[in-house]
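Here is the structure we will look at, set down as structure tokens.
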Amino acid sequence: GFYWKSDDVQLPNNYLTAEKRLKSSELMLKKKNLVEWAVSHHNQLIELGFAREATENDLFPSKPFKRINYVIGFVVVNNNKIPPKPRWVVDTACKHQGVSLNSALLKGRENLVPLAQALFHFRERKFAVVADVEKMFHQMSVNAEDQQCQRYLWRDCDPTKPPKIFIYTAMLFGPTDSPSKANEVRILHATNHADQFPSASRAAIDSMYMDD
């Protein structure tokens, strides 16, 4: 779950802000001719299990959830890529009544390998191996209670339809505590498998660098 600043943290109902931002995102997607890409991207999230449509139990729970929050999504295009590459960004810093999801979270411990330390390892051996963890944050699930703070609205960019409520089940890139939690999971798995994979475990703990 999230690193809440307090067990008593409350988040205001930001549904209307999410609905307003959905409309602006749809206009931007149409302007950039990215509607087909966005729909495909969303379908992939569902297929991979990173998100799901809200169920009746989510919307009408027998016991009220402690917190509910809607996260805001929009597209950015990296024009440095050839061809330019679109990316879906979740804005967890978006405020409603002066409060955002990020403002309610602690950053957590960094648990990061300094860049200099990672680079020094290149001097230890003749060959170096470099790899990347694809969709690193999405490989980790968020507990059921805190998933309710990762709701979002979607309707396949069709303004004639009412928005449906979906929920991100995986860890997102935007929340303040995501880097800390991702690195905790990395260290935990590397430590748990150190006997079986000693070299890989050392590399994962001592040589893995995370950029911004």
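Remark: side-chain polar atoms of Q147 are not paired, donor with acceptor, to backbone N or O of I167 under 3.5 angstrom. Using modelled atom types, no side-chain atom of E110 and backbone atom of N183 make a donor-acceptor pair closer than 3.5 Å. Side-chain N or O atoms of Q150 include none that pairs as donor or acceptor with a backbone N or O of V71 at under 3.5 Å. A donor-acceptor pair is defined here as one N or O able to donate and one able to accept, closer than 3.5 Å; such a pair exists between the side chain of H193 and the backbone of H189. Formation of a donor-acceptor pair under 3.5 Å by the S201 side chain with backbone atoms of A190 is found in this model. Looking at T92, its side chain does come within 3.5 Å of a backbone N or O of G174 through a donor-acceptor pair. Without hydrogens or angle criteria, S100 side chain to C94 main chain gives no donor-acceptor distance under 3.5 Å.
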Using atom types as modelled, flag every donor-acceptor pair under 3.5 Å from a side chain in residues 5-12 to any protein atom, sequence neighbours excluded.
residue	atom	partner	partner atom	Å
K5	NZ	S103	O	2.9
S6	OG	D8	N	3.0

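No continuous path of hydrophobic side-chain contacts links M140 to Y3 [ILVMFWY only; heavy atoms under 4.5 Å]. Connection of F2 to V90 is established within a shared hydrophobic cluster, with ILVMFWY side chains joined at heavy-atom distances below 4.5 Å, either directly or through further cluster members. Under a hydrophobic clustering in which Ile, Leu, Val, Met, Phe, Trp and Tyr are joined whenever their side-chain heavy atoms come within less than 4.5 Å, directly or via other members, V113 and F137 fall into different clusters. V142 and V185 fall within the same hydrophobic cluster, defined by Ile, Leu, Val, Met, Phe, Trp and Tyr side-chain heavy atoms under 4.5 Å apart, directly or through other members. With hydrophobic clusters built from ILVMFWY side chains whose heavy atoms lie under 4.5 angstrom apart, F166 shares a cluster with L45.
For the pair I68/N13, no side-chain contact is recorded, criterion being any heavy-atom separation below 4.5 Å from C-beta on. Annotation: side chain of R21 is in contact with side chain of D91 (closest heavy-atom distance under 4.5 Å). Two residues are said to be in side-chain contact when any heavy atoms from C-beta on lie closer than 4.5 Å; E26 and L22 meet this criterion. Considering only heavy atoms from C-beta on, M208 comes within 4.5 Å of V133 through its side chain. Contact check for R155 versus P159: side-chain heavy atoms found under the 4.5 Å cut-off. Within the 4.5 Å cutoff, no side-chain heavy atoms of T17 are placed close to those of Q97.
In R52, the CZ atom is crowded: over 12 heavy atoms of neighbouring residues, nucleotides or ligands sit closer than 6.0 Å. Annotation for R87: atom CZ does not count as buried by contact number, only 12 or fewer foreign heavy atoms lying within 6.0 Å. Other residues, nucleotides and ligands place more than 12 heavy atoms under 6.0 Å from the NZ atom of K30. Around the CG atom of N143, the shell of radius 6.0 Å holds more than 12 heavy atoms that belong to other residues, nucleotides or ligands.
Using bins of under 30°, 30° to 60° and over 60° for the plane-to-plane angle, the ring pair W88/W154 lands in the perpendicular bin. Note: H42 and Y152 have perpendicular aromatic rings, judged against thresholds of 30 and 60 degrees for the angle between ring planes.
Residue pairs that meet the ring pair (Phe, Tyr, Trp, His ring centres under 6.0 Å) test with at least one member in residues 51-80, sequence neighbours left out, are Y15-Y70.
Considering every non-hydrogen atom in both P175 and N102, the closest pair reads CA-OD1, 3.2 Å. Of all non-hydrogen atoms in N69 and C149, the two that sit nearest each other are ND2-O, 3.2 Å. Nearest approach of G1 to D146, heavy atoms of both residues: CA-OD2, 3.0 Å. The two residues A54 and L59 come nearest to each other via the heavy atoms CB-CD2, 3.9 Å. Between A38 and L29, the shortest heavy-atom distance links the atoms CB-CD1, 3.7 Å. Here the closest heavy-atom approach between residue M171 and residue K181 is recorded as CE-CB, 3.7 Å.
Salt bridge R151/D58: absent, no basic N to carboxylate O contact under 4.0 Å.
Here the straight-line distance linking atom CZ of F50 with atom CD of Q44 works out to 8.0 Å at 0.5 Å rounding. Rounding to the nearest 0.5 Å places CD1 of I72 at 10.5 Å from CD of E19. Of the inter-residue distances, the one linking W4 atom CH2 with L105 atom CG reads 5.0 Å to the nearest 0.5 angstrom. Of the inter-residue distances, the one linking L112 atom CG with S180 atom OG reads 8.5 Å to the nearest 0.5 angstrom. Atoms SG and CE, on C157 and M28 in that order, are 12.5 Å from each other to the nearest 0.5 Å.
A donor-acceptor contact closer than 3.5 angstrom links the side chains of E124 and H121.
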